[in-house]
Protein chains: 2
Amino acid sequence: MLRPSTATLADVAAAAGVGESTVSRVLRNHGSFSQKTRERVLAAATRLGYVPNRIAGTLASAGSRLVGIVIPSLANIVFPDVLRGASQALEAEGYQAVIAVSEYDMAREEAMIASMLAWRPAALMVAGLEHTPAARALLAASGTRILELMDLDGPSIDIAVGFSNREVGRASARHLLARGYRRIAYVGHDLAVDTRAAKRIAGFEEVLHAAGLALVDRETIPTASSIEAGQAGLERVLARAPRLDAVYFSNDDMAFGGYFLCMTRGISIPGDLAIFGYNGLAIGRVLPQPLSTVRTPRVEIGATAARLATENAPAQRVDLGFELVPGGTA
Amino acid sequence: MLRPSTATLADVAAAAGVGESTVSRVLRNHGSFSQKTRERVLAAATRLGYVPNRIAGTLASAGSRLVGIVIPSLANIVFPDVLRGASQALEAEGYQAVIAVSEYDMAREEAMIASMLAWRPAALMVAGLEHTPAARALLAASGTRILELMDLDGPSIDIAVGFSNREVGRASARHLLARGYRRIAYVGHDLAVDTRAAKRIAGFEEVLHAAGLALVDRETIPTASSIEAGQAGLERVLARAPRLDAVYFSNDDMAFGGYFLCMTRGISIPGDLAIFGYNGLAIGRVLPQPLSTVRTPRVEIGATAARLATENAPAQRVDLGFELVPGGTA
DNA sequence: CCGGAAATTGGCAGCGCTGCCAATTTTTCT
DNA sequence: AGAAAAATTGGCAGCGCTGCCAATTTCCGG
């Protein structure tokens, strides 16, 4: 039975009858050593149940294999998708992801950034371009590779990987206008905290205004985005502004709520009411009428960010674009 | 402008005109120091843009505030929910989550466990009770607090938090039998890799057999679970065994695929065909006919595990149960 | 079989911080 | 005021590992 792993490099070295540096070289497969030595060291390490201490290794070599990721939420599949792309690419390169969830709270984000920086990560990924001034200062001064994800509308600190949310809003509005919808309402979640949703609706309204139109109504749920919130939001809008053409939801989750509310109430989609979402979630594709939405390259954004984080890339902005999915609901 | 954070404790000490240990005490708010000293140290730290190096701190104090979490997948919302519960509770206690995703590959899980252990985490959470022998040995010998999540059907190493998947299967079968369904098929994803899904179907069949029945058909998609896989699976089953009463899906995602296939094909639910899922996802509750399924306490499992990880709890098994949601599809 | 090049190997000084202990200063009590 | 107790403070030895450099061994060509 192995004892609670307390064996150190020195123990292995003693057991194998070689020096510490030799053990270090063998275990990292770095530098030169003879085949015979290698076997002896490996045998000793196995026998002692040696587990290297990466804390010590990192301190000694000044350079961790940790990548910090600060995301706003885990409540829907969007950020897990980003994480998935990132963690897969990171693992392939021998890096590990340390994650923190800010719950869309800027002050918490700042604290988490400071906290992550204390681990001297090889890189730090954060969602979006908006941060508290102190957080921006920390990031900029850290000397760490910084990657800002999912947004390109604004100045970035180091590397930004994503797409333009404002342009997503514009494209969505153009689509609805092209299909002939004129009396359009918006149902969204808290814009003060989700700055990317705010940028989308800003782009959306920009196009509307350019066409001499305006949102007929606008319902903002002060809670996190959810299917239930979408349902409740649409309910309230319908009570206030019954003569609507179309509803633009802040994301697919909210739109699903609206979709099923219509289904339950016998409101025909898109005849009586058109529905448009954002994200391009899988379930939207198998609805009897596929959801009209905008598909975003979430996994790819995570993967690209991970690649840039581990390469020695220059500061840059990578636009991975988005795809408008016409669907059948708008 | 702050220079790329290279300031060390010693720099702050020199700038403040005090000793290193004093700075350390002030910054950790631990031990005693005068108010005047405190201010001087804090001012110096701010002026230098000092960011503590937790790598060094952890090495010196032998005890990290890191908790490793190894999960099989981020492809649907299930494990993100667990992560959410865990990360929230962990952060509240000043711990940070390091995550790794094994993609349901036992060999990768083993490598990741070894990798996490190298960070000397305060605790390590893994999904399920099945691991490679080497992984089990590593976990057991690590001397680290181990938490196995989402499964109680089998021996655990240290702490297990979850519910019985086998009992979920039994309860699901009882429900279907009580509603009069007799010709039941199963549509699931790869059972060889998802051992918890395998335990559910085993429990399900156990009850069927006890009632003198057996699964009429059984379709296993050799890929990851997904809505599309559920749809394709049901399609194939219907082609083979048209006279079915009900279909038991390995999870809600798969069930949604089936649900919408029926909707599209005009198959009435549950009149022509009953559908039963597993997980209790939010979207199932807003379908025109709410999905019949089993709701699992995912967030709570994560939170409970985090609490036990940070307390000095004894080895134990915590059954958080599950809830059968009758719904309207079975 | 010898000298020099190449391959191996060990020693040891840190990496930046914390914990322990002793030294110093301040406060309290008689 | 003097002694004892309490509060502050600094010094310094590690934590376990890596990087550098020098020492030792092995390998080759002539």
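Values below: every heavy atom of this structure, side chains too, minus hydrogens, waters and symmetry copies. Naming: A, B, ... by sequence-line order, numbering from 1 per chain. Quick caveat, the model's predicted, so the values are computed rather than measured.
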Asker: When the distance from NZ of B/Lys36 to C1' of D/dT8 is rounded to whole Å, what number comes out?
Answerer: 11 Å

Asker: Can you tell which of C/dT18, D/dC17, D/dT8 lies closest to the side chain of A/Ala60?
Answerer: D/dC17

Asker: Please tell me whether B/Thr58 and B/Arg65 have a donor and an acceptor in their side chains that are separated by less than 3.5 angstrom.
Answerer: no

Asker: Side chain of B/Val18 only, heavy atoms from C-beta on: which candidate in C/dG16, C/dG19, D/dG10 is closest?
Answerer: D/dG10

Asker: Provide, to the nearest angstrom, the distance between the CD atom belonging to A/Glu20 and the P atom belonging to C/dA13.
Answerer: 12 Å

Asker: Any base atoms under 4.0 Å from B/Ser32, or only sugar-phosphate, or nothing? Heavy atoms, all strands.
Answerer: base

Asker: Does a side-chain N or O of B/Thr22 approach OP1 or OP2 of D/dG10 to a distance below 4.0 Å, or not?
Answerer: yes

Asker: Within the pair A/Ser21 and D/dT18, is there a side-chain N or O less than 4.0 Å away from OP1 or OP2?
Answerer: no

Asker: Has the side chain of B/Arg25 got a donor or acceptor that lies under 3.5 Å from a partner of the other kind on the base of C/dG19?
Answerer: no

Asker: Rounded to the nearest angstrom, tell me the gap between atom CD in A/Gln35 and atom P in C/dT9.
Answerer: 11 Å

Asker: For a quick check under 3.5 Å, do B/Glu130 and B/Thr195 share a side-chain donor-acceptor pair by atom type?
Answerer: yes

Asker: Among the nucleotides D/dT18, D/dT9, D/dG16, which one has an atom lying closest to any side-chain atom of B/Thr37?
Answerer: D/dT9

Asker: For B/Ser34 and for B/Ala62, locate the closest nucleotide of DNA chain D by heavy-atom distance; then report the residue assigned to the nucleotide nearer the 5' terminus.
Answerer: B/Ser34

Asker: Report the distance from atom CZ of A/Phe33 to atom C1' of C/dA7, rounded to the nearest whole Å.
Answerer: 12 Å

Asker: Check whether the side chains of B/Thr310 and B/Glu93 place a donor and an acceptor atom closer than 3.5 Å, and report yes or no.
Answerer: no

Asker: Whole angstrom is fine here: how far is it from CG in B/Asp11 over to C1' in C/dC17?
Answerer: 13 Å

Asker: Side chain of A/Arg120, base of C/dG16: donor and acceptor closer than 3.5 Å?
Answerer: no

Asker: D/dC15 C1' sits how many Å from B/Leu59 CG, rounded?
Answerer: 4 Å

Asker: Please give, in whole Å, the distance from D/dG16 C1' to A/Leu48 CG?
Answerer: 15 Å

Asker: Any donor-acceptor pair under 3.5 Å between the side chain of B/Ser61 and the base of C/dG19?
Answerer: no

Asker: B/Pro72 and side chain to side chain contact (heavy atoms under 4.5 Å, CB included): which partner among B/Glu109, B/Arg196, B/Met150?
Answerer: B/Arg196

Asker: So which of B/Leu124, B/Thr144, B/Ile69, B/Leu66 actually passes side chain to side chain contact (heavy atoms under 4.5 Å, CB included) with B/Met116?
Answerer: B/Leu124

Asker: Nearest whole angstrom, please: distance from the C1' of D/dG10 to the CZ of B/Arg40.
Answerer: 13 Å

Asker: Just to be sure I understand the rule, does B/Thr58 reach a base, reach only the sugar-phosphate, or reach nothing, if contact means heavy atoms closer than 4.0 Å?
Answerer: nothing

